[in-house]
Amino acid sequence: AQLRLLLIEEDGANRTAHREVHRRLRQAGFARVWKVRDLDFAHTAWQRGGLRPGQLTCRQFNRRNPASPLPLQCDDADD
């Protein structure tokens with residue numbers, strides 16, 4: 001159980017496969033902690049055990065960095 005954080009780029013074409021991967025990650029003790037969208041992709045971050053104290057959600061990060069030239073498009077919707 002050495003892996004703690006996993007970043008995934010997900011294209012929009014294969015949602016069924018993404019759901020299966022997400023299910024397996026949850027079974028392995030991971031929680032999706034960020035989901036960010038751009039033009040055609042979603043980028044998800046999975047961390048074993050979920051966010052730790054002091055770690056920010058995507059929306060919290062945006063609120064703390066309002067002057068960012070490229071605000072993140074956070075997507076907290078469930079799979």
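What you see is a predicted model; the values in this text were computed from it and never measured.
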Going by ring pair (Phe, Tyr, Trp, His ring centres under 6.0 Å), name the residues that satisfy it together with Phe61, two or more places apart in sequence or in a different chain.
Trp34
Please say yes or no: joined through hydrophobic side-chain contacts below 4.5 Å, possibly via intermediate residues, are Ile8 and Leu3 part of one cluster?
yes
Going only through I, L, V, M, F, W and Y residues with side-chain contacts under 4.5 Å, is there a path from Leu25 to Leu5?
no
Nearest heavy atoms of [X] and [Y], plus distance in Å:
X     : Y     : value
Arg48 : Ala28 : NH1-O, 2.7 Å
Ala31 : Gly50 : CB-CA, 3.7 Å
Trp46 : Arg32 : CE3-N, 3.3 Å

List for me each residue that meets side chain to side chain contact (heavy atoms under 4.5 Å, CB included) alongside Leu51, sequence neighbours excluded, and say none if there are none.
Val33, Gln55, Thr57
The side chain to side chain donor-acceptor pair (under 3.5 Å) partners of Gln27 (sequence neighbours excluded) come to Arg23
By salt bridge (charged side-chain N to carboxylate O under 4.0 Å, His left out) - contacts of Arg24 (at least two apart)
Glu20
Taking salt bridge (charged side-chain N to carboxylate O under 4.0 Å, His left out) as the test, write out the residues that go with Arg37, two or more places apart.
Asp75
Quick check against the 3.5 Å criterion: does Arg4 have a side-chain atom that pairs as donor or acceptor with the backbone of Gly49?
no
First locate atom SG of Cys58, then atom NE2 of His43, and finally report the distance between them rounded to the nearest 0.5 Å.
11.5 Å
Between CD of Glu9 and CZ of Phe41, what distance do you get to the nearest 0.5 Å?
5.0 Å
For the pair His22 and Glu10, evaluate side-chain hydrogen bond (donor to acceptor under 3.5 Å, both in side chains) and give the outcome as yes or no after the intermediate values.
CA-CA 11 Å; His22 297 173; Glu10 303 172 0; 2.8 Å; yes
